[in-house]
Amino acid sequence: MKRRFCLHVANQVPDERVRLGVAWALGGPFRQTPPAFEDALSARLEALRNGLNPAEEARRRAVRDMLRRPGYKPTGRGKPASEYLLRTANPAADGRQQFPRISPAVDIGNLMSLNTLWPLSLWDLDRAQTAHVAVRLGQAAEAYVFNEAGQTINVHDLVVGCAVQDEQTRPIVNPVKDSQATKTQPGTERVAVLIYAPTHETTPAEVAEAAAATAAWLAQTGAGVETSHGVVEPEATCMI
């Protein structure tokens with residue numbers, strides 16, 4: 001009997017501001033674009049063409065508040081990844097002819113972030129070399145490379161998802177920029193997703209719905225792809 005994969009996620013953010021949606025998918029490479037994906041993306045981009053409505057703007061501000069701490073200001077280059085996507089969704093602002101496509105798995109993550117306005121991380125589980133993740137605040141002097149050019153992001157006081165190995169935690173993702181070392185590649189066979197949602201502006205059901213939708217899209221990216229999803233409340237540890 002095939003053993004079911006389990007992702008262990010610990011929500012250790014100390015001030016209880018972050019509710020986590022979690023999803024994973026096995027059985028890649030994830031090369032098929034789901035049949036309804038382009039229509040769903042086009043509809044969302046059209047809805048965003050004239051900017052955010054008042055409720056969406058309140059959600060955008062709530063995400064910044066979720067990340068704001070004495071050692072981290074979510075502005076400028078440190079703003080949430082969801083805001084970068086919003087700019088990219090506006091061709092006039094970004095100078096693009098169309099919304100970029102990267103790979104089916106990454107594109108799905110981008111769509112889900114545009115839909116929810118919450119930042120999202122997606123990484124290669126095999127490159128991370130662990131199925132244990134701890135989400136905490138970055139420590140002083142912690143940093144990692146986030147792109148092929150070798151640029152780094154200092155994650156002090158920023159919410160970070162860490163690979164846990166031998167009781168040591170190594171930051172690999174965050175709501176602003178994910179680590180280059182664990183980003184997905186064309187041959188990626190196992191991916192995990194973290195959705196970062198403000199606790200006081202969401203319900204567990206809302207975050208569960210977003211995690212379930214992410215998993216459902218990922219399930220359509222290849223024959224035999226297996227998925228699971230869940231929610232991790234503040235100060236909780238879950239196996240998903």
Side-chain angles (χ1 to χ4, degrees), residues 7 9 11 13 16-25 34 36-68 74 79-90 99-123 133 135 158-161 173-178 184 191-221 227-234 238 240:
L7 184 67
V9 182
N11 187 345
V13 180
E16 301 188 3
R17 292 191 206 173
V18 184
R19 174 174 284 124
L20 299 169
V22 182
W24 54 254
F37 177 82
E38 292 297 339
D39 287 344
L41 178 60
S42 296
R44 184 54 177 153
L45 293 175
E46 181 62 30
L48 290 169
R49 188 174 297 278
N50 295 320
L52 302 180
N53 63 39
E56 290 172 331
E57 177 60 23
R59 176 169 283 197
R60 183 194 67 80
R61 292 196 302 268
V63 170
R64 285 203 178 194
D65 290 342
M66 173 182 72
L67 301 183
R68 185 175 289 108
K79 65 190 175 190
S82 45
E83 293 195 29
Y84 282 100
L85 283 175
L86 284 175
R87 180 177 176 83
T88 305
N90 184 340
F99 193 79
R101 307 295 193 276
I102 300 170
S103 70
V106 173
D107 295 346
I108 286 166
N110 288 342
L111 172 61
M112 295 310 304
S113 188
L114 287 174
N115 282 345
T116 62
L117 302 180
W118 299 325
L120 178 152
S121 291
L122 183 145
W123 71 97
V133 178
V135 181
L158 175 60
V159 174
V160 290
V173 294
N174 69 57
V176 180
K177 298 181 187 299
D178 294 333
T184 58
V191 297
V193 175
L194 278 181
I195 301 168
Y196 310 91
T199 306
H200 300 300
E201 301 294 332
T202 62
T203 66
E206 288 176 315
V207 180
E209 182 179 3
T214 303
W217 281 116
L218 288 170
Q220 300 177 59
T221 58
T227 66
S228 187
H229 60 87
V231 175
V232 188
E233 291 293 295
C238 292
I240 295 166

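What you see below is based on every heavy atom in this structure, not just the backbone, and it leaves out hydrogens, waters and symmetry mates.
- With hydrogens and angles ignored, the 3.5 Å screen pairs no side-chain donor or acceptor of S228 with any backbone N or O of W24.
- Residues L120 and L194 are not in side-chain contact: their nearest non-hydrogen atoms beyond the backbone lie 4.5 Å or more apart.
- How far CG of L41 is from CG of L114: 7.0 Å, rounded to the nearest 0.5 Å.
- Side-chain contact between S82 and W118 is absent, with no heavy atoms from C-beta onward closer than 4.5 Å.
- Considering only heavy atoms from C-beta on, V207 stays 4.5 Å or farther from L20 through its side chain.
- Interatomic distance, CD of E83 versus OG1 of T88, reported as 11.5 Å (0.5 Å rounding).
- Using a 4.5 Å heavy-atom cutoff, the side chains of R60 and L52 are in contact.
- Contact detail for T227 and A25: the closest heavy-atom pair is CG2-CB, 3.8 Å.
- For the atom pair CZ of R59 and CG of L117, the computed distance is 6.5 Å after rounding to the nearest 0.5 Å.
- The closest donor-acceptor contact from the side chain of S113 to the backbone of N110 lies at 3.5 Å or more, if one exists at all.
- Nearest heavy atom pair, residue I108 against residue P34, reads CD1-CG, 4.1 Å.
- No side-chain heavy atom of W123 sits under 4.5 Å from any side-chain heavy atom of D178.
- Here the side chains of L218 and V193 are in contact, with some heavy-atom distance below 4.5 Å.
- Taking every heavy atom of both residues into account, P198 and M66 meet most closely at N-SD, 3.5 Å.
- The pair E38-R101 meets the salt-bridge criterion, with a side-chain N (NZ, NE, NH1 or NH2) lying under 4.0 Å from an Asp/Glu carboxylate O.
- Between the side chain of E206 and the backbone N or O of T203 there is at least one donor-acceptor pair closer than 3.5 Å.
- Between the side chain of T199 and the backbone N or O of R17 there is at least one donor-acceptor pair closer than 3.5 Å.
- Panel note: side chain N11, backbone V18; a donor-acceptor pair is recorded below 3.5 Å.
- Rounding to the nearest 0.5 Å places CG of L158 at 11.5 Å from NZ of K177.
- Residues forming a salt bridge (Lys or Arg N to Asp or Glu O under 4.0 Å) with E56 (at least two apart in sequence, or on another chain): R44.
- The nearest pair of heavy atoms linking A210 to M112 is O-CE, 3.7 Å.
- Rounded to the nearest 0.5 angstrom, F37 CZ and T221 OG1 are separated by 11.0 Å.
- A pairwise comparison of heavy atoms in H200 and E16 identifies NE2-O, 4.3 Å as the closest pair.
- Rounded to the nearest 0.5 Å, atoms OG1 (T184) and CG (L122) are 5.5 Å apart.
- The shortest non-hydrogen separation linking V22 to A211 is O-CB, 3.6 Å.
- In this structure, L67 and P175 have side chains that are in contact, with non-hydrogen atoms separated by less than 4.5 Å.
- Not a single donor-acceptor pair under 3.5 Å links the side chain of N174 to the backbone N or O of V159.
- No side-chain heavy atom of Y196 sits under 4.5 Å from any side-chain heavy atom of V13.
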